[in-house]
Amino acid sequence: MRIIRGSEFRLEREVDAGTEQQLRTVLTIVQKVRVEGDAALLEYTKQFDNTEITKDSIRVSTEDIAAAYEKVEPSFLTAIREAAERIRSFHEKQKRNSWFDIQPDGTMLGQLIRPLKRVGVYVPGGKAAYPSSVLMNVIPAQVAGVKEIVMVTPPATGGKQGIDPYILVAAAESGVEEIYRIGGAQAIAALAYGTESITKVDKICGPGNIYVALAKREVYGAVDIDSIAGPSEIAVLADETANAAYVAADLLSQAEHDEMASAVLVTTSMAVAEAVQEEVIKQLQALPRQSIAAQSIEQYGAIVVTDTMEEATSLINRLAPEHLEIMTQDPMNELASIENAGAIFLGRYSSEPVGDYFAGPNHIIPTNGTARFSSPVDVDMFVKKSSIIRYSKEALLKHGQTIMQLARHEGLEGHARAIQIRLEQERNDDSK
């Protein structure tokens, strides 16, 4: 893990927009599922997942879920239930109510906040299965009041044994009753447009590979999506008081996610920088996912030494990391200078995995620098808002001329006349 000075640091990470071939493949899949429905799902599941399913087996049965419970250890059940309780408690505090403002002239203005009706959650297979992500997607939607939550996941997240039992148990514990054994771009298309077996949804959330990401981008507009997630990121802001072993462990905790994950230490102490460099090398040797983490550290890892804490926080704000740990003498002092970060962990005991699994805040967080303008998954993502306007006669008579002036300034005479006809009618009635 290289050590560089702050003035030399560059981390240019391009958003993976997909190759032309990938784009063509996704467009073909989406269109075929839209036209052929279940038949296309069965075909693509056999082609891409090497698994044959039928219309009768596409949906996970209650027997499948009961069997999953038999395969997980009691300690996992205890852990997932306690985590779910904490996540739910945190998100309950995010709920907002509809409101109405009745003014003296009889005008009523307000906002109705209603949950989405139906949400689709994508749970990936691939290099690892993430039951925790099931909780992080489902629970905020439930807290928001979403009545129908459907989950899709590839038919072999657990390898040849089928769907990973821990994913099924996490879904069941979260209250998801509608689960389908499909994955990839074809699953996104099914959620967006519906098939004979799957009713279309209003919003799709959850991460996936490049084909899933491109499919979400393709169907956006027909449905809403959460985001296009990139590789995981962590930045650690440290001064001379930081524990090098803790810092190295936390950097590696994200590097092991993916070869393209980013792990960056920004510190004002060269001594800490050198100690962390040694610890990363040492700890990497004993990491089960050593190969993945090593590639991540080599390609996207760095230790950056700055002259001042002001320079360090400025660099962090340019990075706008997904996860930021502040390991300084007084983390609250540095927090005041942080403008861009998805989740912020304060102090040596607030390791990033605490947030990933247990603390309560959502671990689905903006990546690729998008923390500059976006936020973690929360309850607001699963509601829609309607503005309420009830104008009184008194208010319209008072403000009508102003409204017409603005409409005519924009060349929209029809708008102006919709007001004018009311003003004339009401004044005529009043004169009688």
Side-chain angles (χ1 to χ4, degrees), residues 1-22 124-128 130 207-214 227-238 244-267 270 272-306 312 315-325 327 340-343 345 351-353 356 363-372:
M1 200 170 189
R2 65 195 187 280
I3 298 177
I4 60 177
R5 302 300 303 189
S7 59
E8 302 169 357
F9 178 66
R10 300 287 185 275
L11 183 60
E12 302 296 336
R13 301 196 63 188
E14 295 183 1
V15 177
D16 191 351
T19 65
E20 287 188 18
Q21 180 59 49
Q22 288 170 334
K127 294 175 182 175
Y130 299 109
N209 63 19
I210 185 61
Y211 293 97
V212 170
L214 293 175
S227 66
I228 306 296
S232 188
E233 306 161 351
I234 186 170
V236 179
L237 176 64
Y246 292 0
V247 173
D250 292 353
L251 293 172
L252 290 172
S253 76
Q254 294 309 291
E256 73 172 351
H257 266 296
D258 188 279
E259 294 87 347
M260 293 184 67
S262 168
V264 176
L265 166 63
V266 182
T267 180
M270 180 60 76
V272 168
E274 292 172 345
V276 169
Q277 186 182 48
E278 292 178 7
E279 277 289 336
V280 166
I281 295 170
K282 173 185 172 183
Q283 294 183 28
L284 190 56
Q285 305 310 308
L287 201 63
R289 293 166 69 90
Q290 177 185 349
S291 175
I292 292 172
Q295 288 187 60
S296 165
I297 292 295
E298 175 65 26
Q299 296 179 92
Y300 299 107
I303 299 174
V304 186
V305 180
T306 63
L315 194 154
I316 291 292
N317 285 327
R318 284 198 291 116
L319 281 175
E322 178 187 19
H323 308 97
L324 170 64
E325 293 186 355
M327 293 199 194
N340 303 322
F345 301 77
S351 178
E352 189 276 340
D356 262 358
H363 77 197
I364 304 171
I365 307 168
T367 58
N368 282 325
T370 59
R372 292 177 295 109

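FYI, the numbering just counts along the sequence from 1.
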If you compare all heavy atoms of [X] against all heavy atoms of [Y], which two are closest, and at what distance to 0.1 Å?
X      : Y      : result
Gly342 : Ala371 : N-CB, 3.7 Å
Glu259 : Tyr300 : O-CD1, 3.8 Å
Gly230 : Asn368 : CA-ND2, 3.6 Å
Asn340 : Pro321 : O-CD, 3.5 Å
Leu252 : Gln283 : CD1-CB, 3.6 Å
Val266 : Ala312 : CG1-CB, 3.7 Å

Considering residues at least two apart in sequence or located in another chain, which fulfil the side-chain contact (heavy atoms from CB on, under 4.5 Å) criterion with [X]?
X      : value
Arg318 : Leu315
Ala294 : Leu284
Ala275 : Ala244

If you round to the nearest 0.5 Å, how far is [atom2] of [Y] from [atom1] of [X]?
X      : Y      : atom1 : atom2 : answer
His257 : Asp356 : NE2   : CG    : 5.5 Å
Asp258 : Gln295 : CG    : CD    : 9.5 Å
Ile228 : Leu214 : CD1   : CG    : 7.5 Å
Ile365 : Glu233 : CD1   : CD    : 10.0 Å
Ile292 : Leu287 : CD1   : CG    : 9.5 Å
Met1   : Ile303 : CE    : CD1   : 5.0 Å

Hey, does [Y] have a side-chain heavy atom less than 4.5 Å from the side chain of [X]?
X      : Y      : value
Asn209 : Pro124 : no
Thr267 : Val305 : yes
Ile234 : Glu325 : yes
Phe9   : Val264 : yes

Could I get the full list of side chain to side chain donor-acceptor pair (under 3.5 Å) partners for [X], not counting sequence neighbours?
X      : value
Gln277 : none
Gln254 : Ser232, Glu352
Glu8   : none

Exercise. Going through the distances and angles, do Asp250 and Phe345 end up as a side-chain contact (heavy atoms from CB on, under 4.5 Å)?
Worked result: CA-CA 11 Å; Asp250 292 353; Phe345 301 77; over 6 Å; no
For this session: Indicate yes or no for a side-chain donor-acceptor contact from Arg2 to the backbone of Gly301 under 3.5 Å, with no hydrogens or angles considered.
Result: yes
For this session: Apply side-chain contact (heavy atoms from CB on, under 4.5 Å) to Met270 and Arg5, showing your working.
Result: CA-CA 10 Å; Met270 180 60 76; Arg5 302 300 303 189; 3.6 Å; yes
Exercise. For Glu20, does the CD atom sit with more than 12 other heavy atoms under 6.0 Å from it, leaving out its own atoms?
Worked result: no
